[in-house]
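Below: the structure, in structure tokens.
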Amino acid sequence: MQFAPSLNFEERETLFVEVILPLSLAINYTYRIPFELNERVAIGKRVVVQFGKHKIYTALVKNITKQPPEFYEAKYIIDVVDENPVLTEKQFQFWNWITSYYLCNEGDVMAAALPTGLKLASETIIVLRDELPNELNLTTKETLIVEFLHKKPRMAIDEVVELLGQKTVYPIINSLIGKEVIYIAEEVIEKYKPLLKSFITLNPLYKEQENLRQLFAALEKAPKQLDALLAYLKLAKLNPSIAKQQLLEESGSGQAAFKSLIEKDIFIQQKMQVSRLLDGEDEFEVNFALSTAQEVAFNAINTQFIEKDVVLLHGITASGKTQLYIKLIEKAIANGGQVLFLLPEIALTTQIVERIKRYFGDKIGVYHSKFNDNERVEIWNKVLNGAYQVVLGARSAVFLPFINLKLIVVDEEHESSYKQHEPAPRYQARDAAIVLAHFHQAKVVLGSATPSIESFYNAENGKYGFVTLNERFGGVQLPLQEVVSIAEETKRKKMTSYFTSVLIDDMSAALENKEQIILFQNRRGYATILICATCGYAPKCVNCDVSLTFHKTSGKLHCHYCGYHQNSLTICPACGSVHIEQKGFGTERIEEELSLIFPDVKIARLDLDSTRTKNGMQQIISDFQDKKTQILIGTQMVAKGLDFDNVSLIGVINADTLLNYPDFRAFERSYQLLAQVAGRAGRRDKQGKVCIQAYNDTHRIIKQVIANDYAQMYTDELAERKQFNYPPFTRLIFINVKHKDANVLNHAAMQLANALRAQLGNRILGPEQPLIARIRNYYIKQIIIKTEKNADIKKVKLVLKDTIKAFNAQKEFKSVITQIDVDPY
DNA sequence: AGCACGCCGACT
DNA sequence: GTCGGCGTGCTC
């Protein structure tokens with residue numbers, strides 16, 4: 001790699017650039033630099049190029065050469081976008097690693113790594129911002145664009161080309177984005193809108209005793225308003241701003257009383273952004289001191305950093321890992337270093353983010369794929385120029401342009417959402433973070449209450465350092481855990497629908513105490529399906545090999561894989577029978593059954609279906625938070641990251657569905673999930689309760705969860721992995737082969753597996769039929785490569801790459817799609 | 001990813 | 001007779 005040489009103008013040297021396009025292409029393309037741009041081109045800058053007949057893209061300069069391409073005439077680059085490189089040399093290194101390790105194209109990495117705002121293309125739409133900065137220092141052309149935008153708020157880049165009558169508009173647009181005048185329009189709906197709540201303050205006029213006295217007198221004939229005022233004065237001792245909801249409850253006055261008080265200018269109402277999950281009473285303090293146990297752990301981590309690059313922090317729930325992270329971050333940024341704090345996507349909406357933000361103030365950026373793009377570009381730039389020292393982010397944050405990275409924290413390192421499945425690059429952000437840290441000579445802390453088997457194994461073998469934190473912070477009690485055998489209760493006829501008598505009693509007791517309940521039901525794959533009682537026919541999706549699920553709310557049958565839906569059936573199309581039954585039990589069904597048992601209780605459901613609508617999730621969560629609903633039924637979502645104050649009981653409807661999942665990590669995952677669910681109950685001063693229902697109530701994993709015995713779970717699990725040759729003793733690569741025609745696919749998959757087997761022998765398994773054999777009209781087969789840990793994995797990957805290339809070159813297999821998933825998770 | 005080219009079915 | 005369906009190949 002070399003940067004643009006300074007040129008002697010006499011020579012008129014012709015230069016070429018190798019560029020990465022943000023597309024999934026197997027090779028990079030070479031363009032010619034027009035002489036006038038020689039000086040401005042540099043590695044890591046973006047250039048504007050035409051690719052194909054019409055499309056214009058911003059591509060990234062990977063290399064500059066003097067060598068003209070041998071077999072074709074290179075097109076000219078149209079323009080150079082950036083003043084300075086947007087990509088650092090370390091990022092190039094990192095991209096290269098991702099490309100070769102996860103066997104994807106460089107364009108895949110570019111598409112995933114750069115926020116949309118840095119990938120302008122000809123049809124990109126620009127939009128004028130609502131609020132413009134006070135000082136506008138615009139060039140003539142920039143002013144022209146802004147004036148035009150005042151008349152027509154949305155404008156395609158092609159239209160800008162037309163307006164200015166010149167092709168080189170990208171630098172101008174880039175400059176306008178930089179000056180915060182325009183932004184790039186996006187289709188993505190902003191999922192994490194800040195939650196606004198009404199707050200009431202008293203008009204400062206009434207700070208005067210005399211005025212207040214007069215006010216009391218004036219309100220004598222309006223007792224409800226007086227109550228409201230009194231409630232305010234009572235609550236306002238600590239903080240003059242009180243949530244309207246809280247006031248309504250405290251005072252017993254209605255909305256009307258508040259309305260007139262606001263109209264009379266006595267109360268002032270304001271909408272304020274609040275933390276979605278816990279308003280106000282978060283007991284986390286900004287000025288805290290570490291407990292002795294935390295202090296010991298903190299010192300141990302720092303000591304181990306002398307010899308190890310990665311330390312696994314095994315900290316049980318409520319042991320105060322966050323405080324420890326904060327101290328570690330503080331230490332890392334003390335000398336201008338940067339810190340990346342990775343969290344699973346879902347956890348980014350929780351308190352931990354609030355706490356860390358509160359502590360570090362404006363040094364911090366939050367980055368995640370569902371965020372709006374302006375912010376993402378902004379964060380990108382602030383990381384690049386060092387303004388942000390700490391970034392909290394989901395997996396894609398590993399792609400940010402850190403200039404002085406000193407520490408990476410991966411919280412909940414066992415979470416499977418760190419692995420990207422679709423599209424390529426199929427990277428594991430936790431593992432990639434370790435590599436990234438290595439390039440920066442930074443340190444990594446992997447934190448979890450239930451570490452992945454892989455990480456624990458690495459710690460055990462001395463590859464990682466290891467620190468435990470097993471003292472509960474602030475004396476939070478472990479919940480009482482109980483398993484109930486569904487089989488036993490069925491035998492004794494004690495079950496009511498899906499609920500054991502034990503769970504029902506627990507629920508009644510909790511409701512009696514005005515406490516809330518969360519019911520956990522694993523994955524909606526077990527949702528209700530229709531089945532003909534006469535012939536066994538079950539309606540299937542026309543595009544995928546799955547049964548359609550019945551949704552009561554829409555009255556329709558839906559496919560969860562492709563979105564297909566059709567009307568429900570009353571007559572069996574196969575045999576004409578009218579005996580159609582509903583089978584299985586999704587969250588929807590549980591909700592229904594539950595409402596029969598507790599008719600007066602408000603029940604809500606939190607799953608993908610109920611949150612698909614705009615603001616659905618927030619509404620459900622805040623209703624539960626505000627105690628408008630007493631029981632929350634949910635899938636994985638409720639287990640992760642949500643903390644509710646008043647929840648005293650957690651019920652697991654059926655633990656077997658987790659354990660029976662056909663995957664070698666099923667037991668590990670079950671343990672992690674159940675342990676996490678347990679951590680949600682009664683975290684405050686009161687001991688909570690967890691009730692786990694299962695057929696398989698003596699399963700070792702359930703026993704280990706109850707006993708809180710991670711070590712035993714690990715030992716058993718490791719023995720199984722060893723016996724059956726699974727990670728961490730081997731490495732896995734999945735190759736998914738897809739085609740529209742089942743026969744072509746079968747033949748193709750067999751041929752490919754044979755070709756691989758010829759070179760890699762019994763490391764090749766399959767082709768096998770995956771759980772779902774057809775999705776979106778494509779049939780799927782899976783070939784698995786399982787290599788021993790000490791095998792030369794680079795060589796294996798090379799063989800794989802070459803074999804697939806040769807395979808796809810064969811005429812009959814041209815239209816066969818292959819996808820490679822390295823280290824599937 | 002888009003787009004052009006090219007070869008087979010149901011219609012003004 | 002033509003319009004348009006999408007399978008295939010190509011983009012420096």
Side-chain angles (χ1 to χ4, degrees), chain A residues 14-35 37-38 41 43 45-81 99 104-125 156-158 161 167 170 184-188 369 373 420 422-426 542-543 562 737-745 747-748 774 776-779 804-819:
Chain A
T14 307
L15 296 175
F16 297 88
V17 279
E18 181 193 346
V19 300
I20 306 172
L21 286 150
L23 304 170
S24 193
L25 301 166
I27 55 159
N28 288 331
Y29 289 79
T30 303
Y31 285 82
R32 182 171 169 166
I33 307 176
F35 181 73
L37 295 180
N38 271 2
V41 173
I43 289 171
K45 284 190 186 179
R46 290 170 298 156
V47 289
V48 181
V49 295
Q50 185 166 61
F51 184 67
K53 280 223 161 94
H54 306 279
K55 282 231 49 171
I56 287 176
Y57 288 99
T58 44
L60 194 77
V61 179
K62 191 193 177 190
N63 227 334
I64 301 172
T65 57
K66 294 178 189 174
Q67 199 65 42
E70 234 179 294
F71 304 106
Y72 55 86
E73 192 75 9
K75 273 186 189 163
Y76 282 100
I77 63 169
I78 297 169
D79 207 349
V80 179
V81 180
T99 309
C104 63
N105 300 317
E106 287 180 278
D108 294 326
V109 183
M110 178 172 174
L114 292 187
T116 330
L118 297 176
K119 288 179 294 195
L120 311 172
S122 38
E123 71 279 6
T124 302
I125 304 284
I157 289 193
D158 278 346
V161 172
K167 268 200 158 181
Y170 287 80
I184 303 302
E186 268 207 294
E187 315 283 311
V188 198
S369 57
D373 202 67
Q420 169 147 318
E422 228 14 80
R426 300 182 175 79
V542 294
N543 306 316
C562 72
V737 191
K738 300 183 174 185
H739 198 272
K740 283 193 172 168
D741 185 319
N743 292 323
V744 174
L745 175 72
H747 178 55
R774 185 176 57 127
R776 290 173 194 270
N777 277 323
Y778 276 89
Y779 290 88
I804 286 184
K805 205 174 163 192
F807 168 79
N808 270 135
Q810 286 172 258
K811 230 190 171 78
E812 53 176 328
F813 302 137
K814 276 244 155 70
S815 55
V816 177
I817 298 167
T818 53
Q819 296 177 330

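Being a predicted model, the structure only gives us computed values, none of them experimental. Lettering of chains follows the sequences in order, A, B, ..., and the numbering in each one begins at 1.
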Using a 4.0 Å heavy-atom cut-off, does A:Gln50 contact any base of the nucleic acid, only the sugar-phosphate backbone, or nothing at all?
sugar-phosphate
How many angstroms lie between atom CG of A:Asn28 and atom CD of A:Glu106, to the nearest 0.5 angstrom?
4.5 Å
Phosphate contact (C:dT8 OP1 or OP2) by A:Lys811 side-chain N/O below 4.0 Å
no
Closest heavy-atom contact between A:Gln67 and A:Phe16?
O-CD1, 3.6 Å
Checking contacts here: which listed nucleotide (C:dT8, C:dT11, C:dC12) is nearest the side-chain heavy atoms of A:Ser815?
C:dT8
Would you compute the distance between atom NZ of A:Lys45 and atom OG1 of A:Thr58 and round it to the nearest 0.5 angstrom?
15.0 Å
Can you check the A:Glu812 CD to C:dT8 C1' distance for me, whole Å?
16 Å
Aromatic contact, A:His739 with A:Phe813 (centres under 6.0 Å)
no
Whole angstrom is fine here: how far is it from CG in A:Asn808 over to P in C:dT8?
12 Å
Consider the side chain of A:Tyr57, meaning its heavy atoms from C-beta on, and name the nucleotide among C:dT11, B:dG2, C:dC12 that approaches it most closely.
B:dG2
Heavy-atom nearest pair, A:Val737 first then A:Thr818, reads CG1-CG2, 4.4 Å
Listing, residues 69-81 of chain A side-chain donor-acceptor contacts under 3.5 Å, not counting sequence neighbours, or none:
{"from": "A:Lys75", "atom 1": "NZ", "to": "A:Gly52", "atom 2": "O", "distance (Å)": "3.2"}
{"from": "A:Tyr76", "atom 1": "OH", "to": "A:Arg32", "atom 2": "NE", "distance (Å)": "3.4"}

Could you tell me how far apart A:Asn63 (CG) and C:dC12 (P) are, to the nearest whole angstrom?
19 Å
Looking only at heavy atoms, which two atoms of A:Tyr31 and A:Gln50 are closest? And how far apart?
OH-O, 2.7 Å
Would you indicate which nucleotide in B:dA1, B:dA4, C:dC12 comes nearest to any side-chain atom of A:Thr30?
C:dC12
Under 4.0 Å between any heavy atoms, over every strand shown, what does A:Lys740 touch: base, sugar-phosphate, or nothing? Just pick one.
sugar-phosphate
A:Lys53 NZ to B:dG2 C1', straight-line distance once rounded to whole Å
12 Å
Closest to side chain of A:Tyr29, choosing from B:dA4, C:dT11, C:dG7:
C:dT11
Any residue of residues 105-115 of chain A with a heavy atom less than 4.0 Å from an atom of DNA chain B:
none
May I have the distance from A:Asn28 (atom CG) to C:dC12 (atom C1'), rounded to whole angstrom?
11 Å
Does B:dG2 have OP1 or OP2 sitting under 4.0 Å from an N or O in the side chain of A:Lys55?
yes
May I ask you to test the A:Pro423-A:Asp108 pair for a side-chain heavy-atom distance under 4.5 Å?
no
What is the separation between atom CD on A:Glu422 and atom C1' on B:dA1, rounded to the nearest whole Å?
15 Å
Residue A:Lys814, side-chain heavy atoms: nucleotide from C:dG9, B:dA1, C:dG7 that is nearest:
C:dG9
Taking atom P of C:dC12 as reference, at what distance in whole Å does atom CG of A:Leu21 sit?
9 Å
With sugar-phosphate meaning primed atoms plus P, OP1 and OP2, does A:Leu25 contact a base, only sugar-phosphate, or nothing at under 4.0 Å between heavy atoms?
base
Touch check for A:Phe51, heavy atoms < 4.0 angstrom, all strands: base, sugar-phosphate only, or nothing?
base
Figure out the CD/P separation between A:Glu73 and C:dC10, and round it to whole Å.
20 Å
